[in-house]
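Letters go in sequence order (proteins before strands), and every chain restarts at 1. Just so we're clear, the structure is a prediction, and the values are computed from it rather than from any experiment.
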Amino acid sequence: MQDRMAAALKGHNADYVEIRIEETESTYLEYRGPDLDNIGRNASLGGNVRALVKGAWGFVSFNEPGDLRKWVELAVAQARLAGKESSALAPVDPVQDIVEPVLKASPASVELAHKKALLDEYNGIILGTPGIQTSNISYGDSQKKVIFVSSEGTRIQQGKVDVSARFTAMARDGSDVQQCGLSLGSIQDFGVVEGLQAKIADLAKRAVALLKAPTAKGGEYTVVCDPILAGVFAHEAFGHLSESDFVYENDRMRQIMVLGKRFGQPHLNIVDGAAVPGLRGSYKYDDEGVKSTKTYLITEGVLTGRLHSRETAARMGEKPTGNARAMNYQFQPIVRMSNTYIEPGKTAFDEMISDIKEGIYARNWYGGTTSMEMFTFSAGEAYMIRNGKVEEMVRPIVLTGNVFQTLENIDAVGRDLEMSQGGGCGKGGQMPLPVSDGGPHIRIRKCLVGGK
Amino acid sequence: MEEILEKARRVSQWAEVYSVSRQETTAVFEANRLKQVHTRSGSSNALRLAKDGRIGFATANRKDSTQKLVDMALETAAFGATARFEPPSGASYPQVEVYDPGVEAIPIDKMVEIGERLVARIRGASPDILCEASVSKAVFNIAVRNSTGGHSEYKKSIFSFGIEGTLIRGSDMLFVGDGEAACFLQMDPEPVASAVVLQLRRAERLVPAPSGRLPVIFTPEAVAGVLLYPLALAFNGKVVLQGASPLGNKKGQRVFDPRLSIWDDATVPLRAGSRCCDDEAVPCRRNALVENGVVKSFLYDLQTAAMAGVASTGSASRSGGQPRPATSTVVFSHGDTTFEQMVKDVKEGLVVEQLMGATQSNVLSGDFSGNVLLGYKVEGGEIVGRVKDTMVSGNVYEILKELAGIGAERKWVGGTLLAPPLYCSNLAVAVKS
């Protein structure tokens with residue numbers, strides 16, 4: 001296949017062309033209440049050609065590769081139609097490599113019967129909890145082979161495995177419905193979905209407890225976030241701003257996001273890196289064939305880096321970071337995060353809450369969105385903090401704020417570090433892309449919390 | 001398709017194949033200029049079958065994968081849900097117009113022209129703005145065929161364009177945008193452009209937001225962004241069957257404002273969510289969800305309907321997996337209050353166009369809480385400027401129980417919702433000091 005792809009690129013008549021071909025097999029199971037609502041398998045083949053001419057891209061996706069040269073010609077013609085300026089791609093050395101996934105336990109070698117029995121057991125735990133109305137469980141695994149060939153001589157074949165699951169327990173009292181969720185994922189181990197009995201039992205109990213929990217009053221609080229929520233903050237609030245495609249053509253954004261500018265206190269360090277091994281967002285090469293890196297976005301409170309594709313790196317005169325990713329062959333690579341986290345600091349949890357008179361301890365993730373400077377994210381669990389102690393449970397809260405103010409307002413960074421592997425990030429219609437995020441406990445002063 | 005069905009039929013009680021092929025071309029503008037042209041083409045087959053009373057399901061997109069498709073479907077059937085239905089055998093379908101040959105025929109340079117006009121018009125109103133825009137055409141061929149004699153196929157076109165502008169002043173960012181999607185060719189970008197220009201004008205001044213319990217006017221965009229998702233879940237027959245819908249036991253009861261009716265109607269001609277049959281070849285029809293405030297019906301596919309002991313409402317929809325009930329084209333009734341009258345009536349309050357993060361709360365309960373991404377302050381009956389750092393929280397069912405006003409003019413949002421502005425008398429607004 002690689003030779004056919006390379007041959008199709010000969011005499012392409014563009015500034016740059018690449019072909020990516022993917023073969024995927026996946027299995028999924030979904031429960032709604034006691035019923036196995038959806039079970040299915042998928043086998044697909046597809047590919048794309050991306051061409052660059054005079055600064056503009058042509059992109060063609062297909063699922064019958066057939067005559068590849070025909071697709072190359074169409075992509076080049078489309079790029080030529082749009083191209084009016086000059087092309088820029090940060091130089092990278094051509095690579096020839098074959099990357100096999102590093103596996104502890106491959107989901108593909110686990111019998112469907114075993115997957116079903118395991119999920120049946122978890123579902124039974126949720127549904128058997130007094131006060132629970134119903135459950136939702138979705139499980140999916142996939143294995144992929146991706147071949148990438150570029151007009152610069154790069155030829156890479158990468159094998160990728162992914163397994164993920166989400167469990168939701170719903171409790172109901174009259175018309176009041178409350179829910180709790182747990183998301184997990186791995187690129188190397190089916191084991192992440194095994195042995196979850198205790199966690200799932202706890203999840204169901206928390207959903208029931210929420211029915212009795214009061215709603216926090218809206219307003220400004222000192223908020224302590226757990227590692228999962230700290231990770232959501234690192235990803236949603238700050239990470240997306242570090243994606244250079246938002247920045248490179250926007251002079252004002254470039255002024256806001258100028259390297260060397262202080263964003264937080266010296267205890268704040270934020271990292272993104274697909275080269276950090278074994279996490280859900282880890283890979284060796286991105287979808288432009290660029291080797292992955294580990295990038296310090298914030299070092300000791302100061303902006304020191306950002307995430308790039310080859311084009312954004314060239315346009316900003318910086319080095320590519322290997323962050324151009326595509327969800328599948330139907331999409332072109334765009335600048336995305338991989339594994340994003342706040343590095344641990346020095347403050348113990350007890351110390352962090354000791355001087356809070358009235359605050360909120362927010363745990364677990366429910367969702368999050370951002371529009372550059374503003375973010376909102378939802379905690380799955382929340383507790384009031386009163387006089388230095390974690391007290392009663394309240395209903396899930398929504399946190400919102402201006403990212404720059406909030407970064408400044410992080411006044412304590414915990415000693416622990418935990419990564420959440422169940423996330424799927426969405427951007428530009430490409431969702432869910434496997435990522436991980438995490439951090440230690442963090443404390444944010446003056447954080448706006450929605451409520452009644 | 002016939003080959004798959006024939007192979008599957010021989011090893012199952014019944015089998016059904018759903019095929020879709022599509023061809024899509026999009027011109028993408030970034031930072032005010034044309035940056036990309038994409039073409040996506042592809043097709044896929046989904047096979048569903050019943051074996052020993054259980055449902056199996058698989059999808060594949062290779063021409064040479066017929067046997068694999070059948071094998072995978074059989075493999076999953078060993079564990080699948082108990083089949084409670086048989087696919088429909090022949091039916092008569094309503095005439096629903098969803099194809100305009102003009103969409104397929106429009107050349108790419110004409111599409112680029114529409115994008116250029118949109119960008120030029122917005123920049124004319126605000127020279128420092130950075131626009132992203134896209135103009136897209138797509139044609140789908142959809143076919144459903146089963147071993148019990150049912151067969152339906154149709155061709156559908158979608159033409160859409162949209163623009164998003166970002167205006168940065170100091171460290172303040174303003175986001176505006178609008179778009180259109182329908183089955184027919186729409187060459188005139190002016191309605192979208194003027195909607196965005198109006199947003200820019202209303203947002204020109206940044207003003208301090210009020211807080212407390214205040215009247216809030218939701219534009220049709222906010223109705224789409226805040227109310228539609230929780231309602232779509234609550235009326236989903238599957239959620240009802242699960243006992244998770246807050247409306248599940250409210251059929252026949254008045255839950256909403258008596259002036260409010262809501263339909264799910266796939267038969268509205270030339271709209272993005274419209275079609276003659278659903279994804280199980282059941283004829284589509286107009287389903288009343290709410291009539292004069294009373295909960296009338298929920299949306300069902302074949303399996304869910306059989307489990308609930310009712311008939312399918314022609315609401316089966318697929319997004320990669322097995323069919324599920326889903327909304328198609330949602331239509332709200334209109335009222336008699338104009339948007340201007342609503343604004344005039346507000347002493348101090350807000351107009352909300354976009355609420356960020358609204359549906360990331362507990363959507364089943366109807367609770368929402370979001371940050372105003374685009375919204376304006378109303379003072380003494382006039383829009384005085386834009387607000388930010390403002391949380392609006394409430395409950396969909398509390399809002400819709402008693403509205404202060406329902407808009408007289410409705411707008412299509414995203415091609416799948418026709419809604420008026422809604423005037424809510426009393427919502428919680430929290431502001432960052």
Checklist outcome for this item: So, the part of Lys388(B) with a heavy atom under 4.5 Å from chain A: the answer is side chain
Checklist entry - Roughly how far, to the nearest 0.5 Å, is the OG atom of Ser245(B) from the CG atom of Leu364(B)? => result 8.0 Å
Item to check | Per-residue contact mode, Gln303(B) against chain A (heavy atom under 4.5 angstrom) | outcome: neither
Next on the checklist: Can you tell me which portion of Asn249(B) sits under 4.5 Å from chain A's heavy atoms? Options are side chain, backbone, both or neither.
Outcome noted: side chain
Item to check | Toward chain A, the part of Thr166(B) with a non-hydrogen atom under 4.5 Å | outcome: side chain
Item to check | Quiz item: cation-pi between Arg40(B) and Phe331(A), 6.0 Å / 45° | outcome: yes
Next on the checklist: Would you say Asp251(A) and Gln255(A) are linked by a side-chain donor-acceptor pair, where the criterion is simply a distance under 3.5 Å?
Outcome noted: no
Item to check | Which atoms of Glu132(B) approach chain A - backbone, side chain, both or neither, heavy atom under 4.5 Å | outcome: neither
Checklist entry - Taking atom types as modelled, is there a side-chain donor on Ser369(B) or Ser393(B) under 3.5 Å from an acceptor on the other? => result yes
Checklist entry - In this structure, are over 12 heavy atoms from other groups packed under 6.0 Å from Tyr229(B) atom OH? => result no
Item to check | Geometric cation-pi criterion, Arg318(B) with Tyr18(B): 6.0 Å, 45° | outcome: yes
Checklist entry - Heavy-atom distance under 4.5 Å to chain B: side chain of Ala113(A), backbone, both or neither? => result both
Checklist outcome for this item: Bottom line for Arg54(B): the part with an atom under 4.5 Å from chain A's heavy atoms is neither
Checklist outcome for this item: Whatever's closer than 4.5 Å to a heavy atom in chain A on Leu130(B) counts as side chain
Checklist entry - For Ile108(B), is it the side chain, the backbone, both or neither that has a heavy atom under 4.5 Å from a heavy atom of chain A? => result side chain
Checklist entry - For Lys35(B), is it the side chain, the backbone, both or neither that has a heavy atom under 4.5 Å from a heavy atom of chain A? => result both
Next on the checklist: If only side-chain N and O atoms count, and only distance matters, is there a donor-acceptor pair under 3.5 Å linking Glu311(A) with Trp57(A)?
Outcome noted: yes
Checklist entry - Is chain A contacted by the side chain of Arg33(B), its backbone, both, or neither, given a heavy-atom distance below 4.5 Å? => result side chain
Checklist entry - Of the backbone (N, CA, C, O) and the side chain (C-beta and beyond), which part of Asp128(B) lies under 4.5 Å from a heavy atom of chain A, both, or neither? => result side chain
Checklist entry - Does NZ or CZ of Lys427(A) fall inside the cone over Phe246(A)'s six-membered ring, less than 6.0 Å from its centre and within 45° of the axis? => result yes
Checklist entry - In terms of heavy-atom proximity below 4.5 Å to chain A, should Ser65(B) be classed as side chain, backbone, both, or neither? => result neither
Next on the checklist: Students often mix this up, so state it plainly: with edges at 30° and 60°, are the rings of Phe263(A) and Phe404(A) parallel, tilted or perpendicular?
Outcome noted: tilted
Checklist entry - Is chain A contacted by the side chain of Phe175(B), its backbone, both, or neither, given a heavy-atom distance below 4.5 Å? => result side chain
